[in-house]
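Inspection log for the structure reproduced underneath, given as structure tokens.
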Amino acid sequence: MIEETVRELATLFCEHVEENTVLNAGSIVELSKLPAIVLNGPTLTEKKKLMRDPERITAIDEEAGHAIREIPPRWYDLKFDVNISCADYWELLGLTEKLSRINQAYPLLTVKRDERERQYLWRLEKAPQVSTTPNISQVYQGQAGIIIYDVEVYSEIQEIWPLIEKVIVRCNDERMLN
């Protein structure tokens, strides 16, 4: 679900903040035009103590006398650094405002993978900061941070477990039989 979640975030930014949004997994990115937003990341943080899901039964075969259960997923927070680049200071302020509002308009990312559909809560982890002076290339820049919470990664490991055929209760107390 990590890949799908990252794609969904990039699509959201392209459609609602700036169409020239680039996803950068490395350290250097070349921008073909301005304005532009660069999403750097993600950096993953595992939520080791988050044990919300037990094993899930995904199929029952009564004739064969077994059930198939799936190992629970591992959970991660995804963090991104966001860099905004503009040729004009006022354009930078406008794009910064759009970035500040996007989470209010779309507080949940809906992500689909195969038959699974999930919604992930996300927010600006670090409020947008803007530079009032251009860099050496005469580009005005701003930065922010984003976090997407509790993205699950499924092991896709399935185990076969026998079904219980009969439960026999024996009791010596007459009160329990009536």
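If you're wondering where the values come from, they're calculated on a predicted model, not measured in any experiment.
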>> According to ring pair (Phe, Tyr, Trp, His ring centres under 6.0 Å), does anything in residues 18-46 pair up with another residue at least two apart or in another chain? List the pairs.
In response: none
Honestly curious: do [X] and [Y] fall in one hydrophobic cluster under the side-chain, below-4.5 Å linking rule?
X      : Y     : answer
Ile102 : Val6  : yes
Ile84  : Tyr89 : yes
Ile2   : Leu9  : yes

> Quick one: salt bridge (charged side-chain N to carboxylate O under 4.0 Å, His left out) pairs with a partner in residues 133-148, sequence neighbours left out?
Replying inline: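 As it turns out, there is no salt bridge (charged side-chain N to carboxylate O under 4.0 Å, His left out) pair with a partner in residues 133-148 once direct neighbours are skipped.
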> Tell me the salt bridge (charged side-chain N to carboxylate O under 4.0 Å, His left out) pairs involving residues 89-98, sequence neighbours left out?
Replying inline: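 Only Glu97-Arg101 qualify under salt bridge (charged side-chain N to carboxylate O under 4.0 Å, His left out).
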Side-chain polar contacts of residues 123-130 - donor-acceptor pairs under 3.5 angstrom, sequence neighbours left out - could you list them?
unit_1, atom_1, unit_2, atom_2, d
Arg123, NE, Tyr149, OH, 2.5
Arg123, NH2, Tyr149, OH, 3.1
Glu125, OE2, Lys79, NZ, 3.4
Gln129, NE2, Ala127, O, 3.3

side-chain contact (heavy atoms from CB on, under 4.5 Å) involving [X] - partner list, sequence neighbours excluded:
X      : value
Glu152 : Pro73, Trp75, Arg118, Tyr120, Tyr154
Pro134 : Gln138, Tyr140
Thr133 : Ser131
Asn40  : Asn24, Val38, Asp81, Asn83

>> Test of understanding: with side-chain hydrogen bond (donor to acceptor under 3.5 Å, both in side chains), list the residues that count as partners of Thr110, not counting sequence neighbours.
In response: Gln119
Measure the shortest side-chain to side-chain distance between [X] and [Y] over non-hydrogen atoms and say whether it is less than 4.5 angstrom.
X      : Y      : result
Thr5   : Tyr76  : no
Arg113 : Val111 : no
Leu121 : Asp150 : no

> Under the side-chain hydrogen bond (donor to acceptor under 3.5 Å, both in side chains) rule, what pairs show up with a residue in residues 8-20, not counting sequence neighbours?
Replying inline: His16-Tyr106
Once rounded to the nearest 0.5 Å, what's the spacing between atom [atom1] of [X] and atom [atom2] of [Y]?
X      : Y      : atom1 : atom2 : answer
Thr132 : Gln141 : OG1   : CD    : 12.5 Å
Asp88  : Leu95  : CG    : CG    : 11.5 Å
Ile148 : Leu108 : CD1   : CG    : 11.5 Å
Leu12  : Leu109 : CG    : CG    : 6.0 Å

> Yes or no on side-chain contact (heavy atoms from CB on, under 4.5 Å) for Trp122 and Leu78, after CA distance, side-chain angles and deciding distance?
Replying inline: CA-CA 9 Å; Trp122 71 285; Leu78 309 182; over 6 Å; no
Could you pull out the closest heavy-atom pair between [X] and [Y], with the gap in Å?
X      : Y      : result
Thr21  : Cys14  : CB-SG, 3.6 Å
Ala144 : Leu99  : CB-CD2, 3.8 Å
Leu39  : Ala10  : CD1-CA, 4.0 Å
Leu92  : Gly142 : CD1-N, 3.9 Å
Phe80  : Gly41  : CE2-C, 3.8 Å

